[in-house]
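Below: the structure, in structure tokens.
Excluded from the calculations below are hydrogen atoms, water molecules and symmetry mates; all remaining heavy atoms, backbone and side chain alike, are included.
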Amino acid sequence: MERLAVTHDHTSGSDDPSMTPVGAPRLIVLSGPSGVGKDSVIETIRARAPWVWLSVSVTTRPIRDYEVDGVHYYFVDRAEFERRAAAGELLEWAEFAGNLYGTPREPVRARLAAGQPALLKIDLQGARQVRQALPEARLVFLAPPSWEELKRRLVGRGTDDEETVRQRLAHAQEELAAEPEFDVTIVNHTVEQAAAELVGLLSPQATHR
Ligand code: 5GP
């Protein structure tokens, strides 16, 4: 496993929005503890590297006011989610905080078959399932700069009661322990740096393994 840091050379030019990568198809799975900033990294990639293809997950979670159906997620009810899971339409799925989340299989397959890279942002349970289903996938762990920083981010969300915060921290500690299962760690010092490193992994020049 390699640990990319802020000093990692990510000057390959792959974050040039005009560039479409060619070469070996890559499936990159971004995961990491809750609160580490996966969503911010993904939003930065949406803005800075629009050529990056992001899988759109299906979820039973209620839509948030800034979200767009079909962009951030496909929002479905539990019966529809279960139908899709039973029909084998999901590459992986997991329950997270009482809601179901899954990756539609066909768009990922089509993307890789066309020789184009794909990026999935999913939880740890999902990352493990992708590892089983597609061993060639590259699993990327987004790590906080430190435990203290992650704690600050998790507690800093504000309004939750003590028990909820305690549970969240315990869960985060378990999630951090999964790092050795991953191929690469990106330390989220800044969103920009983490996003650039992730984009670098999607490009054909990225040969670390
Ligand atoms: P949120 O509700 O905050 O958007 O996401 C909650 C968690 O679900 C995050 O850790 C997110 O990465 C994860 N997640 C989102 N989509 C998927 C998916 O398709 N599969 C799995 N296993 N987890 C997902």
Side-chain angles (χ1 to χ4, degrees), residues 1 14 20-34 36-46 49-64 66-142 175 178-179 181-186 195 198-204 206 209:
M1 187 184 56
S14 56
T20 303
V22 289
R26 278 179 180 278
L27 178 60
I28 302 281
V29 177
L30 178 69
S31 198
S34 331
V36 74
K38 288 181 301 229
D39 286 338
S40 307
V41 169
I42 293 295
E43 286 314 312
T44 301
I45 290 175
R46 271 189 216 283
W51 56 263
V52 172
W53 185 85
L54 288 161
S55 162
V56 181
S57 297
V58 187
T59 185
T60 61
R61 153 165 94 52
I63 190 165
R64 296 177 184 146
Y66 60 87
E67 289 177 325
V68 178
D69 192 11
V71 175
H72 295 92
Y73 287 103
Y74 296 108
F75 296 91
V76 299
D77 62 21
R78 207 164 246 266
E80 174 58 16
F81 190 102
E82 283 167 359
R83 188 200 63 74
R84 292 187 194 196
E89 293 175 19
L90 303 178
L91 175 61
E92 60 73 37
W93 65 271
E95 182 146 10
F96 184 94
N99 296 303
L100 300 173
Y101 296 82
T103 303
R105 184 190 298 276
E106 178 52 25
V108 174
R109 191 208 58 76
R111 181 80 190 163
L112 295 177
Q116 299 294 324
L119 178 59
L120 269 54
K121 180 216 67 170
I122 60 180
D123 81 334
L124 291 167
Q125 309 165 69
R128 289 177 180 132
Q129 291 175 53
V130 173
R131 169 70 93 213
Q132 294 294 317
L134 301 168
E136 70 277 18
R138 200 122 189 268
L139 304 195
V140 180
F141 190 85
L142 189 66
E175 291 178 319
E179 185 185 337
E181 297 173 37
F182 284 70
D183 299 310
V184 185
T185 291
I186 291 178
L198 191 58
V199 169
L201 292 177
L202 281 156
S203 73
R209 171 139 210 170

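- Ser31 places no side-chain N or O within donor-acceptor distance of the main-chain N or O of Phe141, the cut-off being under 3.5 Å.
- In this structure, the separation between CD on Glu179 and CG on Leu142 is 10.0 Å, given to the nearest 0.5 Å.
- For Asp123 and Lys38, the salt-bridge test fails: no basic side-chain N is under 4.0 Å from an acidic carboxylate O.
- Leu124 has its side chain within reach of Phe182: a pair of non-hydrogen atoms, C-beta onward, lies under 4.5 Å apart.
- Between His72 atom NE2 and Leu54 atom CG the span is 10.0 Å, to the nearest 0.5 Å.
- Rounded to the nearest 0.5 Å, atoms CZ (Arg128) and CD (Gln132) are 10.5 Å apart.
- With a 4.5 Å cut-off on side-chain heavy atoms, Leu91 and Arg109 do not count as touching.
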For Val29 and Lys121, run side-chain contact (heavy atoms from CB on, under 4.5 Å): C-alpha distance rounded to whole Å, both residues' side-chain angles, the deciding distance at 0.1 Å, then the answer.
CA-CA 6 Å; Val29 177; Lys121 180 216 67 170; over 6 Å; no
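- Taking the six-membered ring where the residue is Trp, the centroids of Tyr73 and Tyr101 are separated by under 6.0 Å.
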Working for side-chain contact (heavy atoms from CB on, under 4.5 Å), residues Val108 and Leu120
CA-CA 9 Å; Val108 174; Leu120 269 54; 4.1 Å; yes
Arg61 vs Glu67, salt bridge (charged side-chain N to carboxylate O under 4.0 Å, His left out): CA-CA, chis, key distance, verdict:
CA-CA 12 Å; Arg61 153 165 94 52; Glu67 289 177 325; 2.8 Å; yes
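- For Asp69, the salt bridge (charged side-chain N to carboxylate O under 4.0 Å, His left out) criterion is met by no residue, not counting sequence neighbours.
- Inter-residue side-chain proximity for Trp53 and Leu202 is flagged as unmet; no heavy-atom pair is nearer than 4.5 Å.
- Annotation: side chain of Leu139 is not in contact with side chain of Glu181 (no heavy-atom distance under 4.5 Å).
- Atom CZ of residue Arg138 and atom CD1 of residue Ile28 lie 5.5 Å apart, to the nearest 0.5 angstrom.
- Atom CD in Glu82 sits 11.0 Å away from atom CG in Leu90 (nearest 0.5 Å).
- Each of Thr59, Val58, Thr60, Val76 was scored for a side chain to side chain contact (heavy atoms under 4.5 Å, CB included) with Leu100, with one residue passing: Thr60.
- A side-chain donor-acceptor contact under 3.5 Å links Arg111 to the backbone of Pro117.
- Counting only heavy atoms from C-beta outward, the side chains of Gln116 and Leu112 never approach each other to under 4.5 Å.
- Pairs of residues two or more places apart, or lying in two chains, that qualify as side-chain hydrogen bond (donor to acceptor under 3.5 Å, both in side chains) and include a residue from residues 83-96 are Arg78-Glu95, Glu80-Arg83, Glu80-Arg84, Arg83-Glu89, Glu92-Thr103.
- If you take CG on Leu27 and OG on Ser55, they are separated by 9.0 Å, rounding to the nearest 0.5 Å.
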Between Arg46 and Val71, does a side-chain contact (heavy atoms from CB on, under 4.5 Å) hold up when you go through it step by step?
CA-CA 11 Å; Arg46 271 189 216 283; Val71 175; 3.9 Å; yes
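- Put simply, the side chain of Leu198 reaches to within 4.5 Å of the side chain of Ile45, judged on heavy atoms.
- Ile186 places a side-chain heavy atom less than 4.5 Å from the side chain of Leu201.
- Between Val199 and Trp51 there is a side-chain heavy-atom pair separated by less than 4.5 Å.
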